[in-house]
Amino acid sequence: HRKGSIGMMWKKLKSFFRKPARKRVLNKEGFERLEQKFIENTGLINVDYADVQILRKGEAAFLWESLPCTSMDEMISLAPLAAAEMAPEQGRKIVSVLLYCNLPWEADIESLDAICSAIQRTIPEDADIVFGCEFGEECSFLLATSEGKCGSKPFDAAHDRSVMDERYEG
């Protein structure tokens, strides 16, 4: 038996006991948790408070978090699923995107490119995109988007934060 084999087995089994990833509305509390997550971040490519604020440009924001993956191949296979689930309804468009990857130490640039490419295919060219990543033991990613009506101008989060906070409560 190899050292850590029980830990790897548990890591594989944990995903069976968690709810599957899905698109969910990012409300005020969700924004606060996301901001807090990145305040303490010391990743390779950091995301900070200001980066999270781009998600306030749309009329609504959404979050999709992967479960911990057992391999980079599993993580890569989830990227197109996440992109498809985060697609906006007809008549709406993605205004901004935040993609954050937790990569295992053995990850390579080709694997990261596969994840980013699968997600970027569904993003309009005029959308604001923030990317961050860190290396460690966990293998997972989160994708957050904000949406607006096609043809509408994005909100300026700095212009009227109180209105935006009211919109995301609930």
Side-chain angles (χ1 to χ4, degrees), residues 21-69 72 75-76 78-88 92-105 107-150 152-170:
R22 60 181 168 69
K23 179 179 181 177
R24 61 182 193 267
V25 173
L26 192 56
N27 60 19
K28 184 178 179 181
E29 291 77 25
F31 266 106
E32 290 170 358
R33 283 192 305 274
L34 203 55
E35 291 162 355
Q36 188 63 37
K37 173 184 177 60
F38 294 123
I39 284 173
E40 300 166 359
N41 183 346
T42 58
L44 176 67
I45 301 173
N46 289 327
V47 171
D48 62 20
Y49 177 85
D51 293 326
V52 174
Q53 299 313 302
I54 70 156
L55 297 172
R56 293 186 183 265
K57 286 186 173 185
E59 297 168 349
F62 301 92
L63 178 66
W64 193 98
E65 290 182 272
S66 75
L67 301 172
C69 301
M72 279 303 295
M75 191 168 155
I76 291 167
L78 286 176
L81 172 68
E85 287 188 21
M86 293 298 279
R92 301 182 64 76
K93 69 175 187 172
I94 292 176
V95 176
S96 57
V97 177
L98 187 152
L99 172 62
Y100 193 81
C101 298
N102 295 303
L103 303 171
W105 295 110
D108 57 27
I109 195 71
E110 289 81 19
S111 299
L112 182 58
D113 182 57
I115 294 164
C116 293
S117 294
I119 290 170
Q120 196 170 4
R121 277 187 213 98
T122 63
I123 311 284
E125 287 185 20
D126 62 343
D128 289 326
I129 300 174
V130 171
F131 172 76
C133 76
E134 67 180 293
F135 288 90
E137 299 300 318
E138 189 171 303
C139 183
S140 63
F141 69 94
L142 71 80
L143 176 62
T145 62
S146 65
E147 297 178 7
K149 292 178 185 170
C150 288
S152 66
K153 293 184 179 181
F155 290 104
D156 180 359
H159 173 69
D160 194 352
R161 174 110 189 229
S162 63
V163 171
M164 293 303 292
D165 284 343
E166 289 174 17
R167 181 169 289 141
Y168 287 105
E169 286 184 17

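The figures here come from the full heavy-atom set of this structure, side chains too, leaving out hydrogens, waters and symmetry mates. The chain is numbered in sequence order, starting from 1.
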Do [X] and [Y] touch side chain to side chain, with heavy atoms closer than 4.5 Å?
X: Arg24; Y: Trp64; value: no
X: Val25; Y: Phe62; value: yes
X: Met86; Y: Val97; value: no
X: Leu112; Y: Phe131; value: yes
X: Met72; Y: Ile115; value: yes

Can you tell me how far [atom2] of [Y] sits from [atom1] of [X], rounded to the nearest 0.5 angstrom?
X: Thr122; Y: Leu143; atom1: OG1; atom2: CG; answer: 7.5 Å
X: Cys139; Y: Trp105; atom1: SG; atom2: CH2; answer: 13.0 Å
X: Thr145; Y: Asp128; atom1: OG1; atom2: CG; answer: 13.0 Å
X: Ile94; Y: Lys57; atom1: CD1; atom2: NZ; answer: 14.5 Å
X: Arg33; Y: Asn27; atom1: CZ; atom2: CG; answer: 6.5 Å
X: Ile76; Y: Cys116; atom1: CD1; atom2: SG; answer: 10.5 Å

Open item on the list: The test is side chain to side chain contact (heavy atoms under 4.5 Å, CB included); show your working for Ser146 and Ile54 and say whether it passes.
Closed with: CA-CA 8 Å; Ser146 65; Ile54 70 156; over 6 Å; no
Mind listing the closest non-hydrogen atom pair of [X] and [Y] along with its distance?
X: Ala83; Y: Ala118; value: CB-O, 3.8 Å
X: Cys133; Y: Tyr100; value: N-CE1, 3.5 Å
X: Pro88; Y: Arg92; value: CG-O, 3.7 Å
X: Ala61; Y: Phe31; value: CB-CZ, 3.9 Å

Task: Pair Lys23 + Glu147: basic N to acidic O under 4.0 Å - done: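 Glu147 and Lys23: salt-bridged.
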TODO: Give a yes or no answer on whether the side chain of Ser140 reaches the backbone of Ser66 with a donor-acceptor pair at less than 3.5 Å.
DONE: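 No; judged by distance alone, with no hydrogens or angles, the pair does not exist.
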Open item on the list: Determine whether Met75 and Leu103 satisfy the following criterion, side chain to side chain contact (heavy atoms under 4.5 Å, CB included), listing intermediate values before the conclusion.
Closed with: CA-CA 9 Å; Met75 191 168 155; Leu103 303 171; 3.7 Å; yes
Task: Among Val130, Leu99, Leu142, the one residue meeting side chain to side chain contact (heavy atoms under 4.5 Å, CB included) with Val47 - done: Val130
